[in-house]
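Encoded as structure tokens, the structure appears first; notes follow it.
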Number of protein chains: 2
Amino acid sequence: MSSEDRVASSRRSVDRIEADYLLETPDIVERAVAAIAGEQSSGTFLPVPGETPELKERAAATVAAIENLAPSDRPSLPGAAEPRIGGRWNRAKITISWPLANIGPSLPNLLATVAGNLFELKQVSGLRLLDIRLPGAFADAYPGPQFGVEGTRRLAGVEGRPLIGTIIKPSIGLTPEATAEAVDTLAGAGIDFIKDDELQSDGPGCPFEARARAVMEVIERHAERSGRKVMFAFNLTGDLDEMRRRHDLVRELGGTCVMASLNSVGLVGMIEFARHSELPIHAHRNGWGYLSRHPLLGWSYTAWQKIWRLVGCDHMHVNGLSNKFSEDDDSVIAAARACLTPMFDDKPCIIMPVFSSGQTARQAPETFARLGSADLIHAAGGGIMAHPAGPAGGVASMREAWEAAMSGTPLAEYAESRPALKGALETFR
Amino acid sequence: MSSEDRVASSRRSVDRIEADYLLETPDIVERAVAAIAGEQSSGTFLPVPGETPELKERAAATVAAIENLAPSDRPSLPGAAEPRIGGRWNRAKITISWPLANIGPSLPNLLATVAGNLFELKQVSGLRLLDIRLPGAFADAYPGPQFGVEGTRRLAGVEGRPLIGTIIKPSIGLTPEATAEAVDTLAGAGIDFIKDDELQSDGPGCPFEARARAVMEVIERHAERSGRKVMFAFNLTGDLDEMRRRHDLVRELGGTCVMASLNSVGLVGMIEFARHSELPIHAHRNGWGYLSRHPLLGWSYTAWQKIWRLVGCDHMHVNGLSNKFSEDDDSVIAAARACLTPMFDDKPCIIMPVFSSGQTARQAPETFARLGSADLIHAAGGGIMAHPAGPAGGVASMREAWEAAMSGTPLAEYAESRPALKGALETFR
């Protein structure tokens with residue numbers, strides 16, 4: 001489905017919620033889908049006295065589409081019933097549709113409806129939420145990103161290319177002063193964006209306030225020199241009051257970004273925090289593995305990121321090409337494309353995908369070619385710090401790689417007259 | 001590990017956080033565990049300049065235990081590296097230990113540390129969080145359940161046996177008035193506890209306020225008659241302000257319980273709501289399947305429920321014996337036992353497990369025998385509504401089944417002089 005089709009379909013129905021799933025079942029597909037639709041709306045395991053035709057008409061979920069796929073010769077997940085047809089677990093892409101009136105435009109209640117008590121049904125030996133389409137009432141009820149691509153570019157002073165970023169390492173254990181020293185080096189090297197590690201928030205060894213003060217002093221000093229303020233995503237993950245206080249401190253200190261771990265904070269905490277925030281929200285997806293690693297269970301990134309974009313996140317992590325994790329490149333690109341695909345035609349909620357994990361200058365051309373956009377944050381750790389000419393060489397090599405990518409010049413050719421890129425290509429193989 | 005050992009171990013270290021995992025890896029176990037410990041503390045994929053011996057001493061996670069298990073002949077999850085030792089994926093139970101000072105006693109940051117970017121490591125072909133042990137600082141930082149078993153029993157007026165409960169069905173689609181009619185029937189039948197379905201919160205078809213008012217009028221009327229107030233868990237899942245407003249309404253109307261969907265609200269929203277709440281919190285786990293259904297991925301209930309107990313939940317769903325879902329009975333009993341196992345010796349945080357899904361009088365004896373406790377809510381839908389003598393017969397049969405179970409009398413024998421129980425045994429086979 002093209003992005004245009006997807007926008008169109010997101011407005012296709014003004015009063016229905018739709019969800020697509022990949023289903024594997026020991027049952028006949030039609031019967032399993034009907035069971036899911038029933039369980040997630042007006043039905044239950046047994047016929048119930050009050051389930052009148054009028055109530056069903058009003059509240060029942062309906063099966064909007066079934067696309068049969070090749071069956072499996074074994075169940076993907078344990079605990080399902082025995083197959084109805086000997087030795088075959090049927091697979092299909094299915095679409096279920098709910099009346100908006102069941103829950104109203106409420107994201108928390110949307111989760112209970114499209115991702116509630118259905119993954120553990122006995123009729124299910126595999127179920128993955130592939131996508132959701134929401135009526136416009138959701139766009140009216142939630143703010144969406146306040147900054148997105150444009151606001152982030154404006155605050156970072158970077159146009160026409162990706163933001164080149166990095167992560168403070170070691171992840172945890174640095175004092176505030178040592179963190180500020182690292183930032184000094186990176187800002188001096190010309191970096192656009194730096195983030196705290198997701199392990200570092202407000203431990204006694206590196207308190208948030210002391211870190212923010214020390215880091216912002218360095219960043220302001222470099223900004224006076226260079227005329228451009230490094231965007232630092234301070235990890236303020238914590239209880240709600242803590243997050244609000246930390247946000248206010250960062251804003252007072254002149255900071256331009258805050259970071260939160262989505263799976264740590266959760267939906268309602270993020271909704272509340274986003275309503276308070278006046279800075280871009282850099283959303284970390286750590287824990288994503290437990291939601292997604294099995295291909296027949298849990299969430300696709302396409303479905304998941306829509307929730308957080310509506311909530312108000314501005315940047316979302318999507319892993320990176322040739323990454324150090326188990327995710328393949330197709331999945332990474334699909335995730336990044338999703339972030340850049342409009343959600344509603346009058347409220348696109350476009351956000352910046354964040355590429356990271358094992359990134360160097362080498363991944364720029366393929367990232368650009370496959371994504372078709374430079375609206376992203378490209379974060380490298382070793383790819384910057386371990387450059388033979390030091391961090392300045394690392395940052396320069398990443399920028400040069402993107403110049404090459406965007407001008408259609410092969411990296412090796414572009415590197416001939418550019419020592420930083422040349423050094424990167426020689427070092428990172 | 002007995003519950004006594006677990007309490008002891010929870011205080012074993014005053015300044016370390018421990019997590020147990022079931023690991024499957026294509027690598028040598030020791031190397032994979034070291035990679036996880038490094039990734040989740042001061043290390044990263046490449047050696048980092050700032051990772052000094054002093055910093056490691058301060059911040060590095062350590063491997064506290066490895067118990068090797070039989071290897072697997074195929075990977076449980078896709079995307080992992082190829083095996084180091086041909087065709088074998090090694091398995092082990094492992095324990096990793098972190099300094100409390102890395103994060104302080106912060107539950108959101110605990111999640112990023114023990115359940116963050118580790119499930120998707122290439123060295124991992126399976127990883128499940130089995131248990132966590134927290135230093136006492138966490139007990140000081142979070143409230144734990146305000147009501148738990150004793151407070152729930154006091155408000156419900158039920159001692160010495162489980163609360164007999166049910167769920168309003170159809171799940172969704174009833175008007176407030178129809179909901180109140182159902183409550184009228186159930187209260188007349190002598191029920192102790194009723195809950196909204198997790199699909200029903202505040203949709204336009206059944207607004208929360210109208211439902212709460214209609215239901216509480218019925219409940220108060222029955223309470224005047226019987227001297228005992230039915231506990232109704234109103235599902236107030238929503239944005240934070242909505243949840244607080246709905247809670248206040250329920251309290252003003254004389255209600256004694258509220259319900260929230262944990263995976264919809266998320267951690268920080270629940271922390272904030274629990275601090276506001278003056279009523280028992282009935283915690284629904286819908287979505288649990290996507291966190292747990294694969295045995296080599298995600299969360300065990302033992303680890304997961306500890307988070308929510310500290311936050312302040314009073315009741316938690318654990319499925320039921322012979323349930324309609326894919327979970328087996330051993331897993332159900334382990335989950336319920338976990339809820340009744342003290343977390344800290346000076347702050348046990350004991351909560352009421354909620355048994356539901358396909359429950360009838362039949363499951364009482366085994367539930368009691370295997371759990372060794374009657375501190376639970378036993379919720380039945382069809383097992384009450386579909387009783388041949390109607391809901392009053394259904395409720396009576398559940399109570400009688402528990403009398404039989406707790407007195408060690410076989411159900412069939414106890415049913416001889418008790419028509420309600422007899423009817424249940426004849427109907428539900």
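Note that this is a predicted model, so its numbers are computed, not measured.
Only the side chain of B:Trp299 comes within contact range of chain A, with heavy atoms under 4.5 Å apart. With a threshold of 4.5 angstrom between heavy atoms, B:Gln40 approaches chain A through its backbone and through its side chain. With a 4.5 angstrom heavy-atom cutoff, A:Leu297 touches chain B only via side-chain atoms. A:Leu174 touches chain B through backbone and side chain together, each having a heavy atom under 4.5 Å away. For chain B, the nearby part of A:Met243 is the side chain; its heavy atoms alone come within less than 4.5 Å. Within the 4.5 angstrom heavy-atom criterion, only side-chain atoms of B:Arg58, from C-beta onward, approach chain A. Heavy atoms closer than 4.5 Å to chain B are found nowhere in A:Phe208, neither backbone nor side chain. Of the two parts of B:Asp202, only the backbone, made up of N, CA, C and O, holds a non-hydrogen atom closer than 4.5 Å to a non-hydrogen atom of chain A. Looking at B:Ile271, the atoms closer than 4.5 Å to chain A (heavy atoms on both sides) all sit in the side chain, from C-beta outward. Interface remark: B:Arg275 contributes side-chain atoms only to the contact with chain A (heavy atom separation under 4.5 Å). Heavy atoms closer than 4.5 Å to chain B are found in the backbone of A:Ser76, but not in its side chain. Heavy atoms closer than 4.5 Å to chain A are found in the side chain of B:Glu272, but not in its backbone. Only the backbone of B:Asn263 comes within contact range of chain A, with at least one heavy atom under 4.5 Å from a heavy atom of that chain.
With respect to the salt-bridge test (charged N to carboxylate O, under 4.0 angstrom), the residues A:Glu327 and A:Arg285 qualify.
Interface summary for chain A: among B:Ala112, B:Ala59, B:Ala80, the most heavy-atom pairs under 4.5 angstrom belong to B:Ala112.
For the atom pair B:Gln200 CD and B:Thr179 OG1, the distance stands at 6.0 Å (nearest 0.5 Å). Of the inter-residue distances, the one linking A:Phe273 atom CZ with A:Leu236 atom CG reads 4.5 Å to the nearest 0.5 angstrom.
Inter-residue side-chain proximity for B:Tyr21 and B:Val114 is flagged as met; some heavy-atom pair is nearer than 4.5 Å.
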